[in-house]
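Written below as structure tokens is the structure these notes are about.
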Amino acid sequence: MDKNCIRETKVGGELSAFELLHESGSKCLISLYGAQVLSFVPADGKEVLFLSPRSLFERGKAIRGGIPLVFPQFGKGTLPSHGFARTESWELESSSGGGGAPTAITLRLSSNASTLSLWPYTFECYFSLSLSDVLTTSMKVVNTHSSPFIFQSAVHSYYKVPHIKDVKINGLYGVSLIDFLDNRSTSTESRSHVTVDSPVDRVYRNSPDSVQLISESEERIISIEKSGYNDTVVWNPWEEGNRSISDLAEGDFMRFVCIESGNVVDPIQLTPGEAHVSVQTISVLPR
Ligand code: TA6
């Protein structure tokens, strides 16, 4: 491990984590628990991600904020909410960096007795980070089972915003959407700038691979690019929902918006031996 750019650390008291540094001045933090990115600070020194001050950092519970991984199920269903990837302990697979190259780390989750008790398929999942002046994450799922399986996946990214009422999300105009707060009704996005002024929980199906998050009071644009993820989920619990989420502090809904690249509407099918790769890149652009 290159000591100059990857440093082992702890989060929440006892959870192992890695801090990644890059010569561009950017840095990020990822916990082995859940392979969850907890922080991304680009060269401008301003945190991109929201991490709840009430995150529990307890095994068996998801950390609230950063980029929770969703696999093999999105949302509620036969498995725990959003699947088990974010509450499993991952292993360090590889790391690299230095000499101007991106600082990179790959974590691995192999099916185990715990996952098999929930989801009867063997798999390997690799989650890779590549940090330069941008943060690129890659999720690779390999079917090592003797039969095909289908799965949903997402990077459930919490973006830190000065105030939710200043937020505009560009790039979703004309995209068909399913509204989870309106009995999964379908419609088409008619706004060039999606704003948030009430609870929102909707998936934009087959969304463009590039969307932008703009906050009126910010001098930067957060650019979110994806490949291998078909959909984009937008979620904010608003005030009422915030109160029902114990690991959010009062008023936290005003300080984040989730924009999630994912495979939600049409699960991915893998035959034995087949692999699927999904990539998301978060970058900061001047306005
Ligand atoms: O991505 C939106 C969503 O599915 C919402 O319905 C809400 O449940 C959110 O995820 C958070 O889920 P979590 O299990 O992390 O509390």
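All ligand and atom numbering here is 1-based and tracks the order in the structure.
The contact set between ligand 1 and S81, taken as ligand atoms under 4.0 Å from a residue heavy atom, comprises 14 (O). In summary, the atoms of ligand 1 found under 4.0 Å from a heavy atom of R64, numbered by their order in the structure, are 11 (C), 13 (P), 15 (O), 16 (O). Of all atoms in ligand 1, numbered sequentially from 1 with element shown, those under 4.0 Å from a heavy atom of D201 are 2 (C), 5 (C), 6 (O). Set against the non-hydrogen atoms of E260, the atoms of ligand 1 under 4.0 Å away are 1 (O), 2 (C).
Residues V279 and T136 have side chains in contact (heavy-atom distance under 4.5 Å, counting atoms from C-beta outward). Q269 places none of its side-chain heavy atoms less than 4.5 Å from the side chain of F149.
Taking the six-membered ring for Trp, F123 and F71 have ring centres closer than 6.0 Å.
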Identify each donor-acceptor pair in which a side-chain atom of residues 160-178 lies under 3.5 Å from a protein atom, sequence neighbours left out, and give them as a table.
| residue | atom | partner | partner atom | Å |
| --- | --- | --- | --- | --- |
| H163 | ND1 | K165 | N | 3.1 |
| K168 | NZ | E216 | OE2 | 3.4 |
| N170 | OD1 | H193 | ND1 | 2.5 |

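Below 3.5 Å of separation, one finds an N or O of R86 facing an N or O of ligand 1. Below 3.5 Å of separation, one finds no N or O of Y158 facing any N or O of ligand 1.
Within the 4.0 Å heavy-atom criterion, neither part of F180 lies near ligand 1.
Between the side chain of N263 and the backbone N or O of G228, at least one donor-acceptor pair lies under 3.5 Å. No side-chain donor-acceptor contact under 3.5 Å links S52 to the backbone of R64.
Between the OG1 atom in T103 and the CD atom in E19 there is a gap of 11.0 Å [rounded to 0.5 Å].
Protein heavy atom in closest approach to atom 12 (O) of ligand 1: H82 NE2, 3.5 Å. The protein atom (non-hydrogen) at minimum distance from atom 8 (O) of ligand 1 is K76 NZ, 4.0 Å.
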